[in-house]
Amino acid sequence: MALSGVRVLELAGLAPAPLCGMILADFGAQVVRVDRTPRSAVATDVQGRGKRSLALDLKRPPGAAVLRRLCCQADVLIEPFRHGVMEKLGLGPEVLLQENPRLIYARLTGFGQSGQYAKSAGHDINYLALSGVLSKLGRKDENPYAPANLLADFAGGGVLCALGVVTALYERTKSGKGQIIDASMVEGAAYLSSFLWKSQNLGLWNRPRGENLLDSGAPFYETYKTSDGKFMAVGAIEPQFYEQLIKGLGLDSDKLPSQLSFSDWPKMKEKFASIFAQKTQAEWCSIFDGTDACVTPVLSFDEVASHQHNKQRSSFIKNDQEEISPRPAPLLSRTPAVPSFKRDPFIGEHTEEILLEYGFTKQEIAKLYSDKVIEFSEPKANL
């Protein structure tokens with residue numbers, strides 16, 4: 001795989017850093033998740049695919065020393081803590097990069113490593129708010145609406161941090177040097193919104209939130225309920241696609257207002273809604289599949305893997321626990337990702353195995369264990 005041979009240490013954290021580590025693991029990196037001790041702590045990483053777990057107490061000097069030693073042989077460290085935490089542990093980038101100048105030290109935080117909020121707590125909705133993006137999301141006459149925690153945590157955080165890691169790895173092939181990645185979820189979310197910034201002069205966002213072309217204002221860019229309580233998604237923006245939509249709905253465009261007549265949009269929404277409510281989702285699919293009307297079913301998680309298009313592309317995979325999840329993307333033609341089909345690791349499951357690989361002796365490992373610096377976990381049989 002593309003990242004085969006790359007050694008990654010991921011310090012256990014919440015959602016964004018685990019996604020970053022899973023992306024790297026899916027594309028071939030050897031990812032070690034450094035979990036906290038005691039092992040009785042609840043595992044928060046549901047994106048542990050392809051990773052191994054080492055349970056280590058970083059708050060004690062011997063534990064911090066173990067991580068320093070691991071970093072001497074690692075290519076990447078993913079660190080998800082608030083500003084200053086690693087420095088207090090003696091594990092800041094100035095220490096680790098001095099010992100391993102080739103290390104890529106990825107710092108993934110909400111507000112970044114500097115600025116007024118650098119040491120503040122926050123979550124996706126806060127980062128989205130500070131980025132300006134949240135002000136654009138939501139329906140007419142409603143409060144701004146955060147779409148789950150996808151945009152800041154995962155897209156602006158985990159994905160862009162993984163991009164930063166891969167970019168730094170590529171640059172290292174020329175310079176031989178590592179570097180620090182300051183991945184801020186606020187800035188990541190803002191960067192994702194570049195199109196919104198750069199399209200302001202096109203007139204796409206001149207109207208209040210929820211009344212524009214792409215934010216649920218237009219009747220031809222909206223979701224509609226079907227007679228069986230499901231939904232269809234409509235995205236017929238271009239005139240030729242809009243004509244296909246009108247045709248599929250059984251309407252005559254000559255008897256309708258102009259597509260871009262803003263004042264008629266609310267009335268047209270009501271008309272479209274009443275028509276969509278007359279047929280089931282499957283019936284609408286039979287009408288619109290194979291056309292360019294840009295009308296598709298809104299599929300639930302239970303339905304996506306069995307949809308014909310997704311089946312044909314093997315877009316969803318099943319692990320050895322029969323759990324379904326999305327296949328890694330994008331698809332590389334020569335060195336595609338080959339995700340692990342094994343269950344996620346238990347906390348501390350691979351502690352000894354990893355330390356031996358990184359050059360620790362059995363005697364050193366036994367001492368660390370007796371001093372409660374590390375912990376082991378044996379998989380439990382499923383009886």
Side-chain angles (χ1 to χ4, degrees), residues 132-142 144-145 147 150-151 155 190-300 303-304 307-310 312-313 315 329-331:
V133 175
L134 189 57
S135 71
K136 297 290 187 183
L137 305 178
R139 291 186 174 275
K140 179 182 178 181
D141 299 327
E142 292 185 8
Y145 178 76
L150 289 172
L151 291 183
Y191 191 33
L192 285 174
S193 73
S194 293
F195 172 77
L196 305 188
W197 285 89
K198 291 177 175 293
S199 63
Q200 289 182 97
N201 295 332
L202 300 180
L204 290 176
W205 313 105
N206 291 349
R207 301 167 67 81
R209 183 179 61 249
E211 296 183 33
N212 298 282
L213 188 74
L214 300 174
D215 64 0
S216 81
F220 48 85
Y221 202 86
E222 179 60 286
T223 57
Y224 292 99
K225 197 170 189 176
T226 57
S227 64
D228 54 347
K230 297 184 178 182
F231 295 89
M232 298 298 289
V234 175
I237 300 172
E238 291 81 358
Q240 68 272 29
F241 301 157
Y242 182 70
E243 187 58 40
Q244 294 274 305
L245 168 66
I246 296 303
K247 181 180 176 184
L249 292 175
L251 297 171
D252 183 349
S253 57
D254 292 335
K255 297 177 181 177
L256 298 174
S258 165
Q259 180 186 357
L260 295 179
S261 175
F262 297 119
S263 61
D264 290 302
W265 278 4
K267 181 176 65 180
M268 291 300 292
K269 270 197 181 190
E270 290 179 12
K271 182 183 283 288
F272 287 2
S274 67
I275 297 173
F276 272 108
Q278 294 169 18
K279 288 183 171 66
T280 65
Q281 187 187 70
E283 287 172 327
W284 285 119
C285 286
S286 68
I287 289 171
F288 286 112
D289 280 1
T291 74
D292 277 342
C294 303
V295 179
T296 49
V298 177
L299 301 176
S300 70
E303 297 169 321
V304 288
H307 187 275
Q308 199 59 30
H309 175 80
N310 294 332
Q312 288 165 352
R313 286 185 54 82
S315 299
L331 188 60

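Worth knowing before you read on, the calculation uses all heavy atoms, side chains too, and leaves out hydrogens, waters and symmetry mates.
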Checking [X] side chain against [Y] main chain: does a donor-acceptor pair fall under 3.5 Å?
{"X": "Asn212", "Y": "Gly217", "value": "no"}
{"X": "Ser227", "Y": "Thr280", "value": "yes"}
{"X": "Asn310", "Y": "Val304", "value": "yes"}
{"X": "Gln278", "Y": "Ser274", "value": "yes"}

- Item | Val298 vs Tyr224 side-chain heavy atoms within contact, under 4.5 Å |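 No, every pair of side-chain atoms sits at 4.5 Å or beyond.
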- Under a 4.5 Å cut-off applied to non-hydrogen side-chain atoms, are His307 and Pro297 in contact? yes
- Task: For side chain to side chain contact (heavy atoms under 4.5 Å, CB included), just list the numbers for Leu245 and Phe220, CA-CA rounded to whole Å, side-chain angles, deciding distance to a tenth of an Å, and then say yes or no.
- Result: CA-CA 8 Å; Leu245 168 66; Phe220 48 85; 4.2 Å; yes
- Value rounded to 0.5 Å, distance of OG in Ser261 from CG in Leu256: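 That separation rounds to 11.0 Å.
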- Message: Can you tell me how far apart CZ (Phe231) and OG1 (Thr226) are? Round to the nearest 0.5 Å.
- Response: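 It is 7.5 Å, given to the nearest 0.5 Å.
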- salt bridge (Lys or Arg N to Asp or Glu O under 4.0 Å) between Arg207 and Glu211, worked out: CA-CA 6 Å; Arg207 301 167 67 81; Glu211 296 183 33; 3.6 Å; yes
- Evaluate side chain to side chain contact (heavy atoms under 4.5 Å, CB included) for Lys279 paired with Met232, printing each intermediate quantity in order. CA-CA 11 Å; Lys279 288 183 171 66; Met232 298 298 289; over 6 Å; no
- Take atom NZ of Lys269 as the centre, draw a 6.0 Å sphere, and report whether it contains more than 12 heavy atoms from other residues, nucleotides or ligands.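 Yes, NZ of Lys269 has more than 12 neighbouring heavy atoms, counting only those of other groups under 6.0 Å.
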- For Asp252, does the CG atom have more than 12 heavy-atom neighbours from other residues, nucleotides or ligands under 6.0 Å away?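 Yes, the 6.0 Å shell around CG holds more than 12 heavy atoms from other groups.
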- Message: Taking salt bridge (charged side-chain N to carboxylate O under 4.0 Å, His left out) as the definition, give me every residue that meets it alongside Asp264, ordered by chain and number, with sequence neighbours left out.
- Response: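 Lys267.
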- Kindly assign one of parallel, tilted or perpendicular to the pair Phe262 and Trp265, based on the angle between their ring planes and the thresholds 30° and 60°. perpendicular
- Query: Going by the angle between their ring planes, with limits at 30° and 60°, are Trp284 and Phe276 parallel, tilted or perpendicular?
  - Reply: tilted
